[in-house]
Amino acid sequence: MSHVEIVPSILSADVGRLADQVREAEAAGADRIQVDVMDGHFVPNLTFGPLVVEAVRRVTKLPIEAHLMVERPELFIKAFARAGATLIEVQVEATTSLYRTVQSIKELGCKAGVAINPATSLEDLREILPYIDLVNVMTVEPGFGGQKFITHSPEKISRLRAMVPDMEIEVDGGIDARTAPLAVSAGATVLVAGSSVFAFKQGVAAGIKAIRQALAPFPRQGEGLD
């Protein structure tokens, strides 16, 4: 895979200016938008629900991915599909019925992704790989934006790439102009960026540009999730 997609996460956006910031990200060349969904149980934070996905859907034509960092995600996938999510990601650690949950996502017409926490073994993914479209390798402990990229993450990304030579690998956590090349060199094809885009001092467009420039050796392909 030669393309590298940048996916701004609205976890770090100014919620009071959410519509404007999503539009700025789209105009700056973002490939899709991530909505981080946290329930205060699976992770120690509360964030967004389906209504926010609906709001984002109204202001952008970009694909929207809903990353469900919640206990029992199977209870919520229908609501997020109806709200306009293109891709729904669930945590491998959050459900005891992962296969059924992934199949339900597909039946609702969405792409299905599985996210894996830093301390979770890649072996926990092996049996679900034939049924999903994307793996999200968390490179911070999920729950809060602005955390530092865990230094051993590229080695884990490389091992996953060997397992899935043709699948999208997303990396989420601590991505900026310094860490983006590390993730891509290891095999990542999709980069989630939160504070390095929405909290960038020179603005959203400049934040995306800084990451693109850091990835100059890695060609970008125009195709992504439809």
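Keep in mind it's a predicted model, so treat the numbers as computed, not measured.
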Side-chain heavy-atom pair Arg32, Ile64 within 4.5 angstrom cut-off:
no
With hydrophobic residues grouped by side-chain heavy-atom distances under 4.5 Å, do Val70 and Val114 end up in a single group?
yes
List for me each residue that meets side-chain hydrogen bond (donor to acceptor under 3.5 Å, both in side chains) alongside Gln202, sequence neighbours excluded, and say none if there are none.
none
Between Glu168 and Thr189, do the side chains contain an N or O donor and an N or O acceptor separated by less than 3.5 Å?
no
Listed by chain and number, what are the side chain to side chain contact (heavy atoms under 4.5 Å, CB included) partners of Thr179, not counting sequence neighbours?
Phe149, Ile175, Asp176
Please check: side-chain N/O of Thr60 versus main-chain N/O of Val56, any donor-acceptor pairing under 3.5 Å?
no
State which residues pass side-chain hydrogen bond (donor to acceptor under 3.5 Å, both in side chains) with Glu24; sequence neighbours excluded, sorted by chain then number.
Arg17
Taking the side chain as everything from C-beta on, heavy atoms only, tell me whether Val52 gets closer than 4.5 Å to Ile10.
yes
Consider side-chain contact (heavy atoms from CB on, under 4.5 Å). Of Leu46, Leu11, Leu68, which one does Met38 pass it with?
Leu11
Quick check: do Leu215 and Leu191 have side-chain heavy atoms less than 4.5 Å from each other?
yes
How would you list all residue pairs meeting salt bridge (charged side-chain N to carboxylate O under 4.0 Å, His left out) that involve residues 41-58, not counting sequence neighbours?
none
Sequence neighbours excluded - side-chain hydrogen bond (donor to acceptor under 3.5 Å, both in side chains) pairs with any residue from residues 67-81
His67-Gln91, Glu74-Thr95
Taking Gly207's backbone N and O only, do any of them form a donor-acceptor pair with Arg212's side chain (distance below 3.5 Å, no angle check)?
no
Val137 versus Leu160: any side-chain heavy-atom pair under 4.5 Å?
yes
List for me each residue that meets side chain to side chain contact (heavy atoms under 4.5 Å, CB included) alongside Glu123, sequence neighbours excluded, and say none if there are none.
Ser121, Arg126
Sequence neighbours excluded - salt bridge (charged side-chain N to carboxylate O under 4.0 Å, His left out) pairs with any residue from residues 89-110:
Lys106-Asp133
Under the side chain to side chain contact (heavy atoms under 4.5 Å, CB included) test, residues paired with Val59 that sit two or more places apart
Ala19, Val22, Arg23
Using only atom types and a distance under 3.5 Å, with no angle test, would you say the side chain of Glu141 pairs donor to acceptor with the backbone of Pro118?
no
With Ser9 via side-chain hydrogen bond (donor to acceptor under 3.5 Å, both in side chains) - residues at least two apart
Asp36
Output yes when a side-chain donor or acceptor of Thr120 lies under 3.5 Å from a complementary backbone atom of Ile116, and no otherwise.
no
Go through the structure and list residues passing side-chain hydrogen bond (donor to acceptor under 3.5 Å, both in side chains) with Glu170, not counting sequence neighbours.
Asn136
Between Thr139 and Val171, is there a donor-acceptor pair closer than 3.5 Å when you use the side chain of the first and the backbone of the second?
no
Please enumerate all residues that pass side chain to side chain contact (heavy atoms under 4.5 Å, CB included) together with Ala79, with sequence neighbours excluded.
Pro50
Does the side chain of Val190 come within less than 4.5 Å of Ile6's, by heavy atoms?
no
Test your reading of the model: is there a side-chain donor-acceptor pair from Ser153 to the backbone of Ile150, 3.5 Å cut-off?
yes
Where at least one partner belongs to residues 79-113, residue pairs that pass ring-ring contact (aromatic ring centres under 6.0 Å, His included), sequence neighbours excluded
Tyr99-Tyr131
